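Note: hydrogens, waters and symmetry copies are ignored here, and every other heavy atom, side chains too, is used. Everything quoted here is computed from the prediction, not taken from an experiment. All chains are named by letter (A, B, ...) in the order of the sequence lines, taking the proteins before the strands, and each is independently numbered beginning at 1.
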Amino acid sequence: MNIFNYYRDKNVQLLEEMVANGELPAGLDYSRVKVEPPREAAHGDMATNAAMVLAKPAGKNPRQLGDLLVAKMKKLPEIREASVAGPGFVNFRLVNTEWSSVLIDILSAGVHYGDSKMGKGEKVNVEYVSVNPTGPMHAGHVRGAVIGDTLANLLEKSGFDVTREYYFNDAGTQVDVLARTAYLRYREALSENIGEVPEGLYPGDYMKDVGQALAKRDGKKWLGKDEKEWLVPIRDFSVRTMMDMIKQDLALIGITHEVFSNEREVVEGGTLDKVFKILQDMDLIYTGTLPPPKGKEMEDWEPAELTLFRSSKFGDSSDRPLKKRDGTWAYIMPDIAYHFDKIQRGYKWMINVLGKDHGNYLDKMRPAVAALSGGKARIDVMFCGMVKILKDGVPVKFSKRSGNIITLREMIEEVGADATRFFMLSRTPDSELEFDFAKVVEQTKDNPVFYVQYAHARCCSVLRNAKELWPDTDVSAAALAKTDVKRLNSEEELKLVRMMAGWPRYVESAAEAHEPHRVTIYLHDLASEFHAFWNKGSDDTTLRFLIEQDKELSPALVVFAGILWYAYPRGAEKYSDMDVPVVKADTSPVKTVPADPGGMEVPHQDSTVFDPLQKNPAAEIEKLLPAQEEPINKDVDIKPAKPGLKSPTKDVKSSPDKVEVPKVVVAKPAIAASGDVYVQLGSYHDMSAVKRDWEKLKKKFPDLFGTLDMKIEKVDLAGKGTYYRLQAGTTTADHAKEICAALKAAHSVGCIVVRK
RNA sequence: GCGCCCGUAGCUCAACUGGAUAGAGUGUUGGCCUCCGAAGCCAGAGGUUGUGGGUUCGACUCCCGCCGGGCGCACCA
């Protein structure tokens, strides 16, 4: 039960009484009336804005109306005090037993505390993860996965009928590449020497397992056969294997989808034609020519007759092609058909969790959904910000080429599922997030994960001690629900209780606003309140959880705190059986209290207790997008290797106790110190991007580039296409170095010194 | 150029979709262990919420204009 809603209804009831006896005019709209905890606890337990929002329609001034309401409220036995304050807030306090009875609610509801019927059983489809089956889940995917899953949990808890769905693409060229890679690894598994994985195939080692599995299942069946024969069966096998792998990975962080959909079924089921026909019948299809994209120099743009969908009728900026020039489907068509399928399955509300880089997905899909549902279905997209992975404070380079990806599995093994989930939820979804391996496992209070876990550990500790103190006492939630909680009435205790009473409000607001991170904020606040209460026990022994003379009362509070830990974003149903739903945390001390108090050594707060996975982290690329896997080789920015820098050799022998800080030696460039040097700032596929970036840079670093000119160097790299290199010059070698240093410091662009 | 998102303490972020004196952590200053876990707690200092207007009882929140940043803008996937 949400006690705030309860009193909101109570207030509305009072107002209705006032209407009934003529104090207020009839027909008032109460929908904006809210009851909330006041921002300042000193103001009271609860506050309502009723007088302010109803003043105008009621033809009274807010304070006048407030006074009327206060008079009514004061007659209620549950309300101890009420008054009008500020611009017209009505603040009120409840009698203590009202609060302490919340504890009984919590204990009897258990993990269902905070459930509500807000959603009224409405069907919602939450689609998230949706990683294509071409590789394992990696660190960049995790955030969207966690956010989507938690949102689904919250919606479910709030009374929606939620379906967790996963959609994967198994019909494009990517899965063919997957099949070819699998075939190669299959040959390898049958002891063929395959050498390096050729460009265009997936280089990762995970494909070895697929090859092995295939060899185990089919033996030498496919050796020497033509691709035409093996492509389809091996593709199916690989897709299945990869999906199994992904599902296992997801299970590691407690994510299970109910429905898996795939593109192939959509395509082969003929849905595309069906959807097209429907749109045609609605007269939303025509053949026409689109204007060229604005503001973007397109050298190779030429007008073409295309099959277009009148999406602009549904708020899109322009109509969109559904078929390519050659008559085949455009890539958005399967997605549209897939959403049609969802609509047909009865969803009026669909939520997609995507990476921020899919910027215009919603623009493209919303018109189609509107058209195909007759305006009855709604699609929302949550865009998740990027994750910057750091190891020991150093950004981790992410490159598929070298197979250097941090997989979800590695991440979980390193920091644990709970910490991962918590951390991924610690910021608003669309913001960028720094995920520092060292910080996540750091055991200090600047690690919110630990801070919350520590509070939980203390709860466990109390229960453990309670069992020791009173071996015969039942400390299960059910037993504690019978505790005489009315005796909990000190201000300190009630403060904690009020905090717990607020949980249902957080659940609702987080679900409504699609902001699962509010859960972690709540937990942090709750933990903070808990720690504060704990320490009060030092000054005042009557505020301890365990009071030897009073075994009935003591542990009750702890259990509530413990119950709320469930809120840790995981599925409620998984914890049906509970004393205290346990979140992973140390249940035993890892640091002992010294016998001689007064000089306890505490680790420095900035220090870490984490041993990094890799000691040779590479810098540079620092953003991870939950993006689609792609075969290597596409459009890679080609940069010459930096002169003078060798990759660190592994077998450098150095004694561990003599740690040498590696000296950064900047190799002296073999360039004369006169104006005969350019700095190369980037390399692009199209000319307009070069110009655009140059303008940007000039604006951003006027001091650096003010006097320099732009030079564009065109290069043809065999097999890789044409590149335009952006260079600035000429200048001296020293100045060039300065520029590069400054750019590096600003994390802006790469910078290479080149000769004239 | 167009569209979407963002700009809050020195730093990293909140602020319960319009509420009261904008809060936490970090850093800094001081205090608290004979006591349920001191990896904790308490207190001090730190702000014209990028900027200029508007809407109203009331704006970090909504609207408009600027400034600064991110992402997206193909018939590619």
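If you look at A/Y454 and A/H531, their ring centroids are closer than 6.0 Å. The aromatic ring centres of A/F383 and A/H358 sit 6.0 Å or more apart.
A/D380 and A/R366 are joined by a salt bridge, as a carboxylate oxygen and a charged side-chain nitrogen come within less than 4.0 angstrom of each other. Remark: A/E432 does not engage A/R427 in a salt bridge, criterion side-chain N to carboxylate O under 4.0 Å. With respect to the salt-bridge test (charged N to carboxylate O, under 4.0 angstrom), the residues A/D67 and A/R63 do not qualify. Ion pair A/R498/A/D45 flagged as a salt bridge, since at least one NZ, NE, NH1 or NH2 atom sits closer than 4.0 Å to an Asp/Glu carboxylate oxygen.
Here the C1' atom of nucleotide B/C75 and the CG atom of A/L306 are 6 Å apart, to the nearest Å. In this structure, the CZ atom of A/F89 is 10 Å from the C1' atom of B/G18, given to the nearest Å. Rounded to an integer number of Å, the gap from A/M382 CE to B/C71 P is 20 Å. For the pair A/L308 CG and B/C75 P, the interatomic distance rounds to 9 Å; values are reported in whole Å. Summarising the geometry, the separation between CZ on A/R32 and P on B/C57 is reported as 10 Å, rounded to the nearest angstrom. Distance CD (A/E529) to C1' (B/G23): 14 Å, rounded to an integer number of Å. Atom pair A/D357:CG and B/C5:C1' shows a separation of 13 Å (rounding to whole Å applied). For A/F530 and B/C36, the CZ to P distance is 13 Å, given to the nearest whole Å.
Taking 90° from 0 as the syn/anti boundary, the base of B/C11 is oriented anti.
Dashed line: the shortest gap from a side-chain N or O of A/R458 to OP1 or OP2 of B/A38 is under 4.0 Å. Within the structure, a side-chain polar atom (N or O) of A/K56 is placed less than 4.0 Å from OP1 or OP2 of B/C57. The phosphate of B/C75 has neither OP1 nor OP2 within less than 4.0 Å of any side-chain N or O from A/W329. For the OP1/OP2 pair of B/C6 and a distance below 4.0 Å, the side-chain nitrogens and oxygens of A/K356 include no atom meeting the criterion.
Nearest-nucleotide positions on RNA chain B place A/D363 closer to the 5' end than the other of A/D363 and A/A47. Comparing A/R320 and A/T48, the nucleotide of RNA chain B nearest to each residue sits closer to the 5' end for A/T48.
Within the structure, every pair that satisfies the salt bridge (Lys or Arg N to Asp or Glu O under 4.0 Å) test and touches residues 517-538 of chain A, not counting sequence neighbours, is listed here: A/K495-A/E529, A/E515-A/R518.
Secondary structure note: stems in RNA chain B built from 3 or more consecutive Watson-Crick or G-U wobble pairs under 3.5 Å occupy B:1-7 with B:67-73, B:10-13 with B:23-26, B:28-32 with B:40-44, B:50-54 with B:62-66.
Only the C1' atoms considered, B/C32 is 46 Å distant from B/C57, to the nearest whole Å. Using atom P as the reference point in both B/U28 and B/U34, the two lie 26 Å apart (nearest Å). B/C62 and B/C5: their P atoms are spaced 10 Å apart (whole Å). Look at the P atom in both B/U48 and B/C4: the space between them is 31 Å, to the nearest Å. B/G72 and B/A59 are spaced 37 Å apart, taking the P atom of each and rounding to whole Å. Only the C1' atoms considered, B/A39 is 43 Å distant from B/G58, to the nearest whole Å. Between the P atoms of B/A14 and B/U21, the separation comes to 24 Å (whole Å). B/C66 and B/G1: their P atoms are spaced 10 Å apart (whole Å).
For A/A304, the side-chain atoms get nearest to B/C75 when compared with the rest of B/C5, B/C75, B/A38. Of the candidate nucleotides B/G37, B/C42, B/C75, B/C42 has the atom nearest to the side chain of A/A532. The side chain of A/M52 approaches B/C57 more closely than any other nucleotide in the set B/A20, B/C75, B/C57. Counting only heavy atoms from C-beta on, A/W534 has its side chain closest to B/C36 among B/C36, B/G3, B/G40. Distances from the side chain of A/N535 to the nucleotides B/C76, B/A20, B/C41 place B/C41 closest.
Using bins of under 30°, 30° to 60° and over 60° for the plane-to-plane angle, the ring pair A/W329/A/F276 lands in the perpendicular bin. Relative orientation of the A/F437 and A/F435 rings is perpendicular, given thresholds of 30° and 60° on the angle between their planes.
Using modelled atom types and a 3.5 Å distance limit, the side chains of A/D326 and A/T328 yield a donor-acceptor pair. For the residue pair A/S490/A/E493, the side-chain donor-acceptor check at 3.5 Å is satisfied.
A/A85 comes within 4.0 angstrom of a base, heavy atoms only. A/P62 comes within 4.0 angstrom of no nucleic acid atom, judged by non-hydrogen atoms across all strands. A/N91 comes within contact range of at least one nucleobase, with a heavy-atom separation under 4.0 Å.
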Walk along nucleotides 8-17 of chain B from 5' to 3' and tag each nucleotide B, S or - by protein heavy-atom contact under 4.0 Å, base first, then sugar-phosphate.
----SSSSBB
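For A/H43 and B/A20, the ring-to-base geometry satisfies the stacking test (centroid distance below 5.5 Å, interplanar angle below 30°).
A pairwise comparison of heavy atoms in A/L178 and A/V239 identifies CD2-N, 4.0 Å as the closest pair.
Residue side chain A/D525 does not reach the base of B/A24 through any donor-acceptor N/O pair under 3.5 Å, judged by distance alone.
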